[in-house]
Amino acid sequence: MARTNDDVAAMLEEYADLLAITGGPDFKIRVYQKAARSIGAHVTDIAGYDTTELRQIPNVGESIARKVAGYLRSGTVPQLEELRGRIPAGVRALTRIPALGPKRAMALHQRLGVDSPESLEAAIHAGALHGLPGFGEKTEENLLHGIALLRDAGERVHLGVAMPLAEDIVTALRAVEGCHRCGYAGSLRRMKDTIGDIDIVATSNRPKVLMSAFVALSQVTEVILHGDTKTSVRTGQGLQVDLRVVPPDAWGAAMQYFTGAKAHNIRTREIAVHRKLKLSEYGLFDAVTDELIVSKTEEEVYQRLGLPWIPPTLREDIGEIEAALAGELPDLVTEEDVRGDLHTHTELTDGHASLEEMVAAAAERGYAYYGVTDHGPKLYMQQMTLDKALAQRERVRELDGTSGLRLLHGVELNIDPDGDVDWPPDVLAGFDVCVASVHSHFDLPQDRTTRRLVRAAEHPCVNIIGHPSARLIGRRPPIDADWDEVFQACARSGTALEINAFPDRLDLAAELIRRARRYGVKFAVDSDSHAVGHLANLRYGIGTAQRGWLTADDVINTWPLDRLTAFLRKKQAAGVSRP
DNA sequence: GCCGTTTTCGGCCCGACTGTTTTCAGTCG
């Protein structure tokens, strides 16, 4: 079930879209978009807020507060209903066609009665657009292409798809003659869990050479636009890749410009304007004389705006500007802080490598400790038994300490629909670490799912709730729980929440991490590796932890071993009663 | 419609590319 805030944000976005289609003033459209973002990013649920409370939220003033309060009460907003009455829903859908915006969507609707992508396609084939001002032959062609693209929707891809592709392209471009620097920016650098397109920034004094090399890459199947400083292509899997080339001295300004979410960039450019400056991808300039002030590094750009450097993973305009101004940016956890992995598998259950191979790979990564957590017996297809687990424990103890790596023998338990787990407490007490996860029954009603997770968290032997929402990005929605209640149970019982680093999970998601953190919950960033190559996925989990504003102190597997083991044992020692 | 170390009124981010234009509007990121 969508949270109230997301529901209200969607309502305000629709209002902004309909304003744009009806030709409303730009500043008004922007304000509704800004209010939608602020409410979407607001950490507490606004259900039950009155207008006074609503107005405390940035970009929510008298008028929007009144609309939202009315919406919370009655589920409707008269002004929105009025616009909906004038603009069929399909006209808003038209603006999702690439290269067709609100202005021309409205023109098509008014002049031809077009009210959906399907009716636009029919109108083009019928020749109805001939003679319509602003719609030439080439435009018709582009619109048909856009409709086709929309139809077999190039879905957003997860980090595990986008990152390797971006790294390949960056590597190829760095080898091109005249390329000074090259890197990826955009949502990929912000480590967003899904990526709509890839932004690449390069510096060179000979941009044309780079552009030619770019469009000639083997991954490229279509050139969308091809200019001297900006070129966009589409890859075989339908992903758009943009390359921007700027002069070598503009590297910092360009990376700043192309990394931030749009909202973050608007904020930084507004700050520039207030200081009589102008910020673009070429640098920070004096607004009056147009004289260049800084451009070489991101640090310089932020510094001249009166801000500390803001880590890419925070650049969403969800409070990082305010935190930066107040000197309260979190000291984010990094991959270097991580001392071990606490959720991994071997071929004893569904892993693809032996215990020895996994341990060697973990040692290679320089970990201080490493948890082996094969599945418990309740996941029947894995055929786990207590004897097998105990035999594995003996082997783990033999390997412990070799290559300087302390091994923890653990288990990934299955949380059943009632919140119970595989083995009785006396068996579980023998494990060094217990992860417990949901693997089935994903669509229970909210109250049952909440109780299920709360009971698992309160179990005296469960240390970590694995992939807590059980989502699979693009394939399975998160389970529906009252997360605030779950987070409180975790904080109360000393149970950590996992940030599962598998790129199609990234679970918990950043928004829920930010909410959980407010209750004082601790986290474990784990790879859930089923093969040696998966250990490196941890970086995606760290990116997600950063997007959740976590510091190393929030993440138990950055702690020294003695602090970690104290945390893992504390529950049982405290004798938390079995629910 | 919102906001304020420039302001309670008067502002509101910036630049590239395309297509249809003869200098610019629309769209995008």
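Chain letters run A, B, ... following the sequence lines, proteins first, then strands; residues in each count from 1.
One C1' atom belongs to B:dG10, the other to B:dG15, and the distance between them is 25 Å to the nearest Å. B:dT21 sits 15 Å from B:dT27 when the P atoms are compared, rounded to a whole Å. Rounded to a whole angstrom, the distance from the C1' atom of B:dA25 to that of B:dT20 is 10 Å. Remark: the separation of the P atoms in B:dG1 and B:dT6 is 27 Å, to the nearest Å. A distance of about 15 Å separates the C1' atoms of B:dT18 and B:dT23, rounded to the whole Å. To the nearest whole angstrom, the two C1' atoms, one in B:dC14 and one in B:dC9, are 25 Å apart. One C1' atom belongs to B:dC12, the other to B:dC17, and the distance between them is 25 Å to the nearest Å. B:dT22 and B:dC28 are spaced 23 Å apart, taking the P atom of each and rounding to whole Å.
Using a cut-off of 4.0 Å between Lys/Arg side-chain N and Asp/Glu carboxylate O, A:Glu322 and A:Arg267 are scored as salt-bridged. With respect to the salt-bridge test (charged N to carboxylate O, under 4.0 angstrom), the residues A:Glu281 and A:Lys230 do not qualify. Classification of A:Arg304 and A:Glu300 as a salt-bridged pair fails, no side-chain N sitting under 4.0 Å from a carboxylate O.
For the pair A:Arg518 and A:Phe487, the cation does not sit on the ring face, since its NZ or CZ is not both under 6.0 Å from the ring centre and inside 45° of the axis.
One interatomic measurement links the two molecules: CG of A:Leu54 to P of B:dC2, which rounds to 12 Å at whole-angstrom precision. Counting to the nearest Å, the P atom of B:dG11 and the CD1 atom of A:Ile266 are 20 Å from each other. Rounding to whole angstrom units, CD of residue A:Gln33 and P of B:dC28 are separated by 13 Å. The CG-P distance, from A:Leu143 to B:dC28, rounds to 11 Å in whole Å. Atom NZ of A:Lys34 and atom C1' of B:dC3 are 8 Å apart (whole Å). A straight line from CZ of A:Arg30 to P of B:dT27 spans 16 Å, rounded to a whole angstrom. To the nearest angstrom, P of B:dC3 lies 8 Å from CZ of A:Arg55. Per the geometry, CZ belonging to A:Phe27 stands 13 Å off C1' belonging to B:dC9, to the nearest Å.
When each of A:Asn265 and A:Tyr32 is assigned the nucleotide of DNA chain B with its nearest heavy atom, A:Tyr32 is the one assigned upstream, toward the 5' end.
Listed by chain and residue number, nothing satisfies the salt bridge (charged side-chain N to carboxylate O under 4.0 Å, His left out) test with A:Lys103 (two or more places apart in sequence, or in another chain).
By the 4.5 Å heavy-atom criterion applied to side chains, A:Thr544 and A:Leu508 are not counted as neighbours.
Side chain of A:Val31, nearest nucleotide from B:dC12, B:dG29, B:dC2: B:dC2. When distances are taken from the side chain of A:His274 to each of B:dT7, B:dG29, B:dT27, the shortest belongs to B:dT7.
Nucleic acid contact for A:Pro58: sugar-phosphate only, since backbone atoms but no base atoms lie under 4.0 Å from a heavy atom of the residue. Heavy atoms of A:Lys262 sit under 4.0 angstrom from at least one base atom. Within 4.0 Å (heavy atoms only), A:Asp199 reaches sugar-phosphate atoms of the nucleic acid but no base atom. Within the 4.0 angstrom heavy-atom criterion, no nucleotide atom of any strand lies near A:Pro133. At the heavy-atom level, A:Leu132 lies nowhere under 4.0 Å from the strands shown.
Taking a pair to require two hydrogen-bonding distances under 3.5 Å in either a Watson-Crick or a G-U wobble arrangement, B:dT8 remains unpaired.
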Requested in this report: Please test A:Ser469 against A:Asp507 for side chain to side chain donor-acceptor pair (under 3.5 Å), starting from the C-alpha separation and ending with a verdict.
Outcome: CA-CA 6 Å; A:Ser469 84; A:Asp507 184 9; 2.9 Å; yes
Report task. Under the side chain to side chain contact (heavy atoms under 4.5 Å, CB included) rule, what do A:Tyr71 and A:Asp7 come out as? Steps first, then yes or no, please. Result -> CA-CA 10 Å; A:Tyr71 180 76; A:Asp7 188 33; 3.2 Å; yes
Report task. Could you walk me through whether A:Arg539 and A:Met163 pass side chain to side chain contact (heavy atoms under 4.5 Å, CB included), step by step? Result -> CA-CA 11 Å; A:Arg539 60 173 171 160; A:Met163 186 67 86; 3.5 Å; yes
Query raised in the report: After noting the C-alpha distance and the side-chain angles of A:Arg471 and A:Leu506, does the key distance pass the side chain to side chain contact (heavy atoms under 4.5 Å, CB included) rule?
Result: CA-CA 8 Å; A:Arg471 73 167 180 171; A:Leu506 295 179; 3.7 Å; yes
Report summary line: Protein heavy-atom contacts under 4.0 Å, written 5' to 3' over nucleotides 14-19 of chain B as B (base), S (sugar-phosphate only) or - (none), form the string BSSSSS
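Between the OG atom of A:Ser38 and the CD atom of A:Gln33 there is a distance of 12.0 Å, given to the nearest 0.5 Å.
Of the residues in residues 61-68 of chain A, those with a non-hydrogen atom less than 4.0 angstrom from any atom of DNA chain B are A:Gly61, A:Glu62, A:Ser63, A:Ile64, A:Lys67.
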